[in-house]
Amino acid sequence: MSYNRRSFITFLGKATLGAVVAPPFLMGCGQNKNPNTPQLDVDALAALKRLPLKNIAASDVDDLLLTEGLDYQLLVKWGDAINGDDTFGYNNDFTCFIPFDDANPDDGLVWGNHEYINGLFVSGYNRRDPEAKRTKAQVDQEMYNVGGSIVRIKKTNGQWRVIENDPNNRRITGHTPIPFNWDQPVIGKRSAIGTLANCSGGITPWRTFLTCEENYDDCYGETVYDTNNQPSHVRSKYQGWEDFYDHPPEHYGWVVEVDPKDGSAQKHIALGRFAHECCTLKQLEDDRIVAYSGDDQNDGCLYKFIGSTPNSLKEGTLYVADTVNGEWLSLDWASQPVLQQHFKDQTEVLVRTREAALLVGGTQLNRPEDIEIDPISGGVFISLTNNKPKGDFHGSILKLEETAGAYDGLTFEASTYKAGGEAEGFTCPDNLAFDHAGNLWMTSDMSGSAMHKTDKPYMAFKNNSLYVIPRFGEDAGKVIRVISAPRDAELTGPWFAPDGKTLFLSVQHPGEQTQSLDAPTSLWPFDDDRIPKSAVVAIQGPLIEKLNQLQKLTS
Ligand code: FEO
Ligand code: CA
Ligand code: CA
Ligand code: CA
């Protein structure tokens, strides 16, 4: 395996996009750029130009529906054997692909996050049965199915396939010991057992995966503090994991880095502890790292870590956004008297990041989800998916412009790029990805319990979808639905292959609302065992190529 860091940075960051001034390193979830985007001849370009970009109608059909010019193949799904011992985990969310060699975009490793479990399918535990109580065997089975998977894939004759039993194939699970990248212990320990609630993520310039622990309190609950700073334990939603394992809640809610070479992992304490949706990096000219991450809960804040030494996610300062005044506010214990009054040291500030953020004046937002940096404007785009208690049902996309384009600066301007709703044609934005031409792709995440309900504001949108917002041409700025998900499913983890010819995508939790195995609400992907399964699909077709060449085709 060749890991040439410099060439990788060049590969991701120095692409030319027309008039784009590409920063030295610009990368996030799903954003790759390739200076070798294929040069097409006149006839091929003319054919792409004729291909329409058609919006598909909202649908409640139980299938993965694609607009004209797109085709998909199923790559790997829940339960598939990936090596002699391991199977692909449950509910894959974030998906990314790193080629072994920049010169060959057709062979590399896919990382898939496994976010949460549905006991009915994974362990046989039925939460709707009042008599049911999880056994240790069921908890262990569920712990195995969260975390992430590394799977080698290869494209031959235009078709992707998994290389089963490849030595790189491995699992990280709820049982895997993972050290903290921090000099002090966290609740008495130097390492945690397992990673869980792995929602979205990112990649690093040194070619590792970042997987983000989001709704960690589902698994081992949470420690809360009263007005006298006295702690108490709130039970988990899963009701059972903490009966068999006494892992502290404080060992979860971190950004976790996984090295694909050997599967080793570490939890980055300096980036704070909250419901991390994603972690989107920007490497500065001097190789310091800036990392953006949002706290996906109602009224959660937006954070930025600014590294103080090159290529470190440990040495640096965490800030929280005041989006009203356009300021990044420091969460550094040593320089913030208000933090010194409430917490004994920096470790406690980082373990209780949410409380610290409000003490310094962080702005509460409407559930910040995915974050991407626009390769053309350099703006930072953040999905605010919704905040129902505050009456925001459709969410919006927030745009941050760092002052003078300085990602390590402490002031910015914030504005709404697009607000969701029936008029705009989208709702509940979640994952974002910019393609090679700077078009913005966006998934929706209406919750399964709110979809298709006449008393909820989502009827018109039907199933969750993937949208593209073209950058150039007659459709520029329009929100166009190009893929519709199976019943109850959410489309997650959009990620473009380095040559811009494949869009990797997760189809997560089809059939989530199933109450009985006898009557699943979805059968996708239509296996013989008639059980719905999350899966990673590879989407190809001339429309992917057209959109990645859009500026050339419309100029
Ligand atoms: Fe797991 Fe915030 O979506
Ligand atoms: Ca993304
Ligand atoms: Ca998400
Ligand atoms: Ca979501």
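Atoms within a ligand are numbered from 1 in the order they appear, just like the ligands themselves. Atoms considered below: every heavy atom in the structure, side chains included; atoms not considered: hydrogens, waters and symmetry mates.
- In summary, the aromatic rings of Phe209 and Trp111 are positioned with their centroids under 6.0 Å apart.
- Take Lys456 and apply the salt bridge (charged side-chain N to carboxylate O under 4.0 Å, His left out) test, not counting sequence neighbours, and it matches no residue.
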Stepwise side chain to side chain donor-acceptor pair (under 3.5 Å) check, Asn463 with His452: CA-CA 8 Å; Asn463 291 355; His452 310 295; 2.8 Å; yes
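- Applying the side-chain hydrogen bond (donor to acceptor under 3.5 Å, both in side chains) rule to Asn92 yields the partners Ser506; only residues at least two apart in sequence or on another chain are considered.
- For residue Glu277, an N/O/S atom approaches the Ca ion (ligand 3) to within less than 3.0 Å.
- Within the 3.0 Å limit, Leu432 places at least one N, O or S atom next to the Ca ion (ligand 2).
- Residue contact annotation: Asp296 places no N/O/S atom under 3.0 Å from the Ca ion (ligand 4).
- Among the backbone and side-chain atoms of Asp430, an N, O or S atom lies under 3.0 Å from the Ca ion (ligand 4).
- Take the N/O/S atoms of Glu372: the one nearest the Ca ion (ligand 2) is OE2.
- Of all N, O or S atoms in Asp445, the one lying closest to the Ca ion (ligand 4) is OD2.
- Using cut-offs of 30° and 60° for the angle between ring planes, the Tyr90 and Trp78 rings count as perpendicular.
- Glu369 lies close to the Ca ion (ligand 4), since one of its N, O or S atoms is found at a distance under 3.0 Å.
- For Asp370, the N, O or S atom closest to the Ca ion (ligand 2) goes by the atom name OD2.
- Under the 30°/60° scheme for interplanar angles, the aromatic rings of His394 and Phe461 are found to be tilted.
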